[in-house]
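All heavy atoms count here, side chains included; hydrogens, waters and symmetry mates do not. Throughout, numbering of the chain's residues begins at 1 and tracks the sequence.
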Amino acid sequence: MSPITSLVQSVDWLAIAPPTIAAAVALAVLVADLFLPAARKPLLGWISTAGLALAALFLLPLLDGDRRTFCLPGHPDACSYVADPFTLVIQFLVLGGALLTALLSIDTIKDQDLPTGEYWFLLLSSASGAALLPASRDLATLVIALEVASLPAFALVGLRRGDRLSSEAALKFFLSSVAATAVMLLGVSFLYAATGNLHLSRVAHALTALPDPRLATLASAGVALTLVGFAFKTAAAPFHFWVPDTYVGAPLPIAGYLSVVGKAVGFSGLILVTVQGFPSYADVWGPALAVLAALTMTVGNVAALRQDPRRAHSAVRLLAWSSVGQAGYLLVPIAAAGYAHNPAHAIGSTVAYALMYAAVNLGAFAVAALVARTRPANRLTDYRGLYARRPLVALALGFFLLCLAGLPPGIIGLFAKVTVFSVAVDAGLAWLAVVMAVNVVIALYYYLQWTAVLFRGAEEAEETEEAGAPQAAPTGARPPHARIPAPLATAIALATVLGIALSGAPQLVLRFASGALL
């Protein structure tokens with residue numbers, strides 16, 4: 001066999017189908033936008049939604065086992081793309097989150113007069129990169145997938161033309177993400193210089209036996225810089241400063257998308273590089289992530305607690321700071337994996353928690369998008385009397401908030417927090433478990449405070465207008481409608497059903513997630 005022939009390999013098209021379908025539909029939407037008249041532009045939203053649903057359906061044929069492609073010739077263990085259970089569960093989270101975001105976006109695009117073709121192209125492009133990342137098993141593909149997921153998100157955040165908050169949010173998001181990428185690329189280059197490899201399995205092997213102390217120092221710097229880069233992407237403190245303003249300035253569906261899919265991308269990448277790429281440095285990244293987890297959950301929850309209910313956009317700001325606090329909880333099992341002989345159970349706890357968080361947090365953003373149609377300022381006080389106006393919507397939001405707080409009837413939220421807590425204790429991180437318990441108590445206050453507002457008398461809602469001048473609708477916004485749009489109602493219903501289903505079988509979620517890695 002000639003050297004050139006040995007480099008030729010077949011591509012497993014079924015394995016790469018989910019991200020490929022999302023990317024293909026993105027291109028199709030971009031081309032269709034050139035030819036469709038303005039009156040037919042809404043079709044692009046339904047095409048995009050159908051494309052995301054089709055990409056998610058192609059996960060089903062992959063459930064029969066691991067599939068690998070783009071492997072080194074003669075080295076089947078060194079592959080760039082692996083469709084294993086970990087990949088599939090994260091891809092389900094990503095594509096499901098993107099699908100709910102698409103449903104939220106259909107009416108938001110009309111209400112805020114956003115450019116239709118560009119919006120759907122950017123959303124689908126970002127989703128394709130996010131679906132690629134958990135399957136990536138080499139550092140180059142990881143970085144590329146991360147940027148494919150991130151670059152369209154910058155434009156989506158700043159898509160409200162002429163809106164100062166949107167432009168400011170996009171700039172902050174862009175600058176912080178570019179800095180994170182630069183740091184990460186420097187770390188990856190150090191690792192490649194020290195090990196001569198990019199595939200995670202080979203990097204892990206090379207890091208255990210570096211022949212030169214100078215290479216060991218270079219590799220240690222590479223590990224540290226790579227972790228810092230992912231800390232930016234996961235919004236871990238002190239690299240979280242971009243989150244509140246970005247969520248406020250972005251269209252609400254995109255804020256929800258960033259809070260769920262953006263975090264899934266960051267955490268899946270962090271899991272891959274630590275557990276599969278740097279297991280020999282567990283004594284370094286384990287304690288570092290534990291400190292980051294404690295700092296992140298504390299900063300996020302304390303900041304959420306300090307939100308003024310009468311301040312404009314306070315509901316979105318509370319969800320933003322809440323997402324920072326939730327990121328701290330998600331970091332706990334990854335830190336615990338650094339202390340465990342078999343990190344699969346610890347990583348499974350993060351995956352299970354991420355599934356719960358994705359469903360209920362997107363549901364909360366969906367309700368926020370509904371309230372914003374009639375109250376663009378979206379203050380916490382605007383939610384007074386919601387039960388009297390829209391009882392089913394108020395009950396759904398109350399359920400989402402109780403899940404995030406970890407209280408019944410949000411059983412999945414309680415189960416996820418208990419699981420994370422037990423993983424920290426089992427790993428010997430009792431101090432981190434105590435910090436988490438204190439933060440859970442802090443979070444209870446603002447989640448329950450918001451929940452209580454929903455069920456106050458309808459007449460009290462009028463008092464909110466006295467708190468300050470009503471905020472103007474976003475630039476280009478159209479008059480709101482009293483009727484709940486069908487796509488928005490569908491998104492709220494799907495998030496509610498998924499939250500209830502997860503609450504009914506939380507142990508199954510953990511069992512599946514625990515077998516998702518290693």
Side-chain angles (χ1 to χ4, degrees), residues 104-105 107-108 111-112 160 163-166 169 244-256 259 303-323 360-402 404-405 443 445-485 488-489 491-492 495-496:
L104 296 181
S105 301
D107 286 280
T108 299
D111 293 341
Q112 300 186 7
R160 292 196 307 212
D163 187 292
R164 182 186 62 81
L165 288 177
S166 182
D245 290 337
T246 298
Y247 285 20
V248 168
L252 269 174
I254 300 306
S259 74
L305 190 66
R306 292 168 54 88
Q307 293 305 304
D308 182 357
R310 295 179 176 83
R311 181 183 180 184
H313 309 293
S314 56
V316 179
R317 285 188 176 276
L318 190 146
L319 286 173
W321 285 114
S322 165
S323 74
V360 300
N361 207 60
L362 269 174
F365 270 100
V367 175
L370 174 61
V371 172
R373 290 172 63 82
T374 54
R375 291 170 170 79
N378 218 328
R379 298 176 290 239
L380 287 169
T381 50
D382 291 333
Y383 291 77
R384 277 187 185 159
L386 184 61
Y387 179 75
R389 301 192 301 273
R390 301 188 188 274
L392 293 179
V393 173
L395 289 173
L397 180 56
F399 174 70
F400 298 144
L401 294 175
L402 290 176
L404 290 171
Y445 178 80
Y446 61 80
Y447 284 131
L448 290 177
Q449 187 181 47
W450 192 355
T451 304
V453 166
L454 304 176
F455 301 96
R456 291 182 182 171
E459 65 277 2
E460 297 181 48
E462 303 302 325
E463 299 174 6
T464 61
E465 301 300 330
E466 301 174 5
Q471 296 293 313
T475 303
R478 300 178 182 180
H481 305 284
R483 179 182 59 83
I484 303 179
L488 187 53
I492 296 173
T496 305

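When every heavy atom of T496 is checked against every heavy atom of F399, the shortest pair comes out as O-CE2, 4.1 Å. Of all heavy-atom pairs spanning G398 and L454, the tightest one is N-CD1, 3.7 Å. Between L488 and A366 the shortest heavy-atom distance is CD1-O, 3.6 Å. Heavy atoms only, all atoms of each residue included: A304 and S322 are closest at CB-N, 4.3 Å. Annotation for R160 and A250: closest pair NH1-O, 4.0 Å, computed over non-hydrogen atoms. Between P244 and A320, the shortest heavy-atom distance links the atoms CA-CB, 3.9 Å.
Distance OG1/T246 to CD1/I254: 12.5 Å, rounded to 0.5 Å. Distance check, rounded to the nearest 0.5 Å: CD1 of I492 to CG of L362 gives 11.5 Å. We find the OG1-CG distance between T451 and L401 to be 4.0 Å, quoted to the nearest 0.5 Å. Between atom CZ of residue R390 and atom OG1 of residue T374 there is a gap of 7.0 Å, rounded to the nearest 0.5 Å. F400 contributes atom CZ, which lies 10.5 Å from atom CG of L395 (distance to the nearest 0.5 angstrom). Here F365 contributes atom CZ and L319 contributes atom CG; the two are 4.5 Å apart, rounded to the nearest 0.5 Å.
Not counting sequence neighbours, the partners of D245 by the side-chain contact (heavy atoms from CB on, under 4.5 Å) test are E168, K172, R317.
Remark: Y387 OH is loosely packed, at most 12 non-hydrogen atoms of other residues, nucleotides or ligands lying under 6.0 Å away.
Annotation: side chain of L252 is not in contact with side chain of T108 (no heavy-atom distance under 4.5 Å). Side-chain contact between N361 and L404 is present, with heavy atoms from C-beta onward closer than 4.5 Å.
Checked by atom type and distance alone, the side chain of R389 pairs as donor or acceptor with a backbone atom of R384 at under 3.5 Å. A side-chain donor-acceptor contact under 3.5 Å links S314 to the backbone of L380. In this structure, N378 contributes its side chain and A368 its backbone to a donor-acceptor pair below 3.5 Å.
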Q307 and Y446: side-chain contact (heavy atoms from CB on, under 4.5 Å), yes or no, with the steps? CA-CA 9 Å; Q307 293 305 304; Y446 61 80; over 6 Å; no
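Partner of L402 under the side chain to side chain contact (heavy atoms under 4.5 Å, CB included) criterion, out of L448, L397, V360: L448 alone.
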